[in-house]
Amino acid sequence: MSSDNKPTIVYKKKEVRTAWLMMAPALIVLAVIAVYPILRTFYLSFHEMNLKRPQSGFPFIGFQNYMKIFSDARAGTDILFTVKFTVTTVLLEMVIGFAAALIMNRAFKGRGIVRAAILVPWAIPTSVSAMMWKFIYNDQYGMFNDILYRFGIIKAYKAWLSTASGSFMALVITDVWKTAPYMALLILAGLQMIPGELYESAKLDGANAIQRFWNVTLPLAKRSLLVALLFRTLDAFRVFDLISVLTGGANGTESIAVYSYKQLMTFLDFGYGSALAVLIFLIVFAISVVYMIFLKGDLVSE
């Protein structure tokens, strides 16, 4: 190694050390608020810890909490509902978000106002949105009943949150209203990176609007669409606050996250509740891996 390269190598090493020193505070905070709770949850899931039975102590029981999940019919039902909710909402949000992104991507007067307005639902905290929609669905003075009644769709006010189908519909509508703008924002970012020259070339080749959409817009917006689907799928599967506030998990609308919370905070079974939380973590991790494996080429290719 020549002596001319030594100062450069020493300088690079100093840069690396400086970079680690500057990142250290953030890494420490991340370890305290994120890594430690995850490791603690894994640890608790292998122990029996029920505060309603303190006399049982805190024994190590291995995988018994996880085996209990397979024999727990309520946990199985909640997982199926969570999958149903995730698939339904993500598909609707993808379609609506794509349509909204296409509209916002066009040049028209007042486009900036429209873009700002469509993001308002996403900016509202989920618990606030759920409480607001709970009033809207009220069976006595709710606006949802009033609109349907005025248009002759229903003949009398209904208690939508008192039935399984009504509760599921209410959850889907509320979630789509809140998070479709998020999908639209991510997809819009991809649409704005498509060169306008491609559309002009397609027009010169005689392609109509539908053909330009299928052959230009959709292929080039695929990456941003896949990223949006990934984020929304992970977020929808972990749904908690929306269900907790709007239905409380009644009428078959309990997600696995809500059930885990009830085991922890209502039944005070920290061992089994932690095992359910770990299950959610593993499922979300598996979904991420599947997305990255099958969509890797579309997400990282140049």
Side-chain angles (χ1 to χ4, degrees), residues 33-34 37-38 41 78-101 104 115-139 142-144 160-189 227-266 273 276-277 279-281 283-285 287-288 291:
I33 67 175
I38 293 175
T41 302
D78 290 347
I79 291 175
L80 291 177
F81 171 80
T82 306
V83 172
K84 176 184 175 182
F85 174 84
T86 300
V87 172
T88 304
T89 55
V90 170
L91 287 178
L92 289 174
E93 289 161 8
M94 179 185 66
V95 174
I96 296 174
F98 207 137
M104 292 188 294
R115 287 181 177 180
I118 202 172
L119 293 177
V120 170
W122 178 57
I124 300 175
T126 303
S127 56
V128 176
S129 299
M131 185 60 67
M132 178 182 70
W133 278 91
K134 194 171 186 177
F135 285 110
I136 293 175
Y137 292 126
N138 189 276
D139 59 329
M143 186 171 60
F144 189 73
W160 299 101
L161 299 180
S162 64
T163 63
S165 59
S167 297
F168 181 72
M169 177 204 68
L171 288 170
V172 170
I173 292 176
T174 305
D175 191 71
V176 170
W177 174 84
K178 169 161 176 59
T179 53
Y182 174 72
M183 294 281 280
L185 181 65
L186 293 178
I187 297 172
L188 177 62
V227 171
L229 284 175
L230 172 61
F231 288 162
R232 273 304 302 145
T233 301
L234 300 181
D235 194 39
F237 194 86
R238 296 181 291 107
V239 60
F240 169 77
D241 42 3
L242 174 64
I243 294 176
S244 180
V245 175
L246 191 57
T247 66
N251 303 315
T253 61
E254 185 177 72
S255 68
I256 188 64
V258 173
Y259 184 44
S260 174
Y261 172 82
K262 289 181 179 180
Q263 287 292 332
L264 288 165
M265 308 307 295
T266 303
L276 290 170
L279 176 65
I280 297 171
F281 171 82
I283 293 176
V284 169
F285 179 76
I287 293 174
S288 302
Y291 265 95

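For F285, there are no ring-ring contact (aromatic ring centres under 6.0 Å, His included) partners, not counting sequence neighbours. Partners of I96 according to the side chain to side chain contact (heavy atoms under 4.5 Å, CB included) rule, which considers only residues two or more places apart in sequence or in another chain, are V176, A180. When the side chain to side chain donor-acceptor pair (under 3.5 Å) test is applied to S260, no partner is found at least two apart in sequence or on another chain. Among residues two or more places apart in sequence or in another chain, the side chain to side chain contact (heavy atoms under 4.5 Å, CB included) test is passed with P37 by none. Listed by chain and number, the residues in a side chain to side chain donor-acceptor pair (under 3.5 Å) with T253 are T247 (sequence neighbours excluded). With sequence neighbours excluded, the residues forming a side chain to side chain contact (heavy atoms under 4.5 Å, CB included) with L234 are L230, V284, I287, S288, listed by chain and number. Scanning for side chain to side chain donor-acceptor pair (under 3.5 Å) contacts around N251 gives S167, with sequence neighbours left out. Checked against side chain to side chain contact (heavy atoms under 4.5 Å, CB included), L91 has the following partners two or more places apart in sequence or in another chain: V87, M94. Partners of F98 according to the ring-ring contact (aromatic ring centres under 6.0 Å, His included) rule, which considers only residues two or more places apart in sequence or in another chain, are F213.
Remark: I38 CD1 to F281 CZ distance equals 5.0 Å, nearest 0.5 Å. The CZ atom of F144 sits 13.0 Å away from the CG atom of D139 when rounded to the nearest 0.5 Å. From L276, atom CG reaches atom CD1 of I256 across 5.0 Å, with rounding to the nearest 0.5 Å. The CE atom of M143 sits 7.0 Å away from atom CH2 of W133, with the distance rounded to the nearest 0.5 Å. The CG atom of D175 sits 8.0 Å away from atom OG1 of T126, with the distance rounded to the nearest 0.5 Å. Of the inter-residue distances, the one linking T82 atom OG1 with I283 atom CD1 reads 8.0 Å to the nearest 0.5 angstrom.
The minimum heavy-atom distance between A130 and L246, with the atom names listed, is O-CD1, 3.5 Å. For A170 against T174, the heavy-atom pair with the smallest separation is O-OG1, 2.7 Å. Between V258 and S244, the closest heavy-atom pair is CG2-N, 4.5 Å. Across all their heavy atoms, P181 and L119 have their closest contact at O-CD2, 3.8 Å. Scanning all heavy atoms of the two residues, the minimum distance from S129 to I124 falls at OG-CG2, 3.3 Å.
Each of I243, L171, V83, L242 was scored for a side chain to side chain contact (heavy atoms under 4.5 Å, CB included) with S255, with one residue passing: I243.
Within the structure, salt bridge (Lys or Arg N to Asp or Glu O under 4.0 Å) contacts touching residues 236-252 (residues at least two apart or in different chains) are D235-R238. A ring-ring contact (aromatic ring centres under 6.0 Å, His included) check over residues 228-262, counting only residues at least two apart or in different chains, returns the pairs F240-Y261. Under the salt bridge (Lys or Arg N to Asp or Glu O under 4.0 Å) criterion, the residue pairs touching residues 78-96 are E93-R232, with sequence neighbours excluded.
Few gaps surround CH2 on W177; more than 12 heavy atoms of other groups in view lie less than 6.0 Å from it.
The closest side-chain heavy-atom distance from T89 to T179 is not below 4.5 Å.
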Verdict with supporting geometry, Y182 and W122, ring pair (Phe, Tyr, Trp, His ring centres under 6.0 Å): CA-CA 6 Å; Y182 174 72; W122 178 57; 5.3 Å; yes
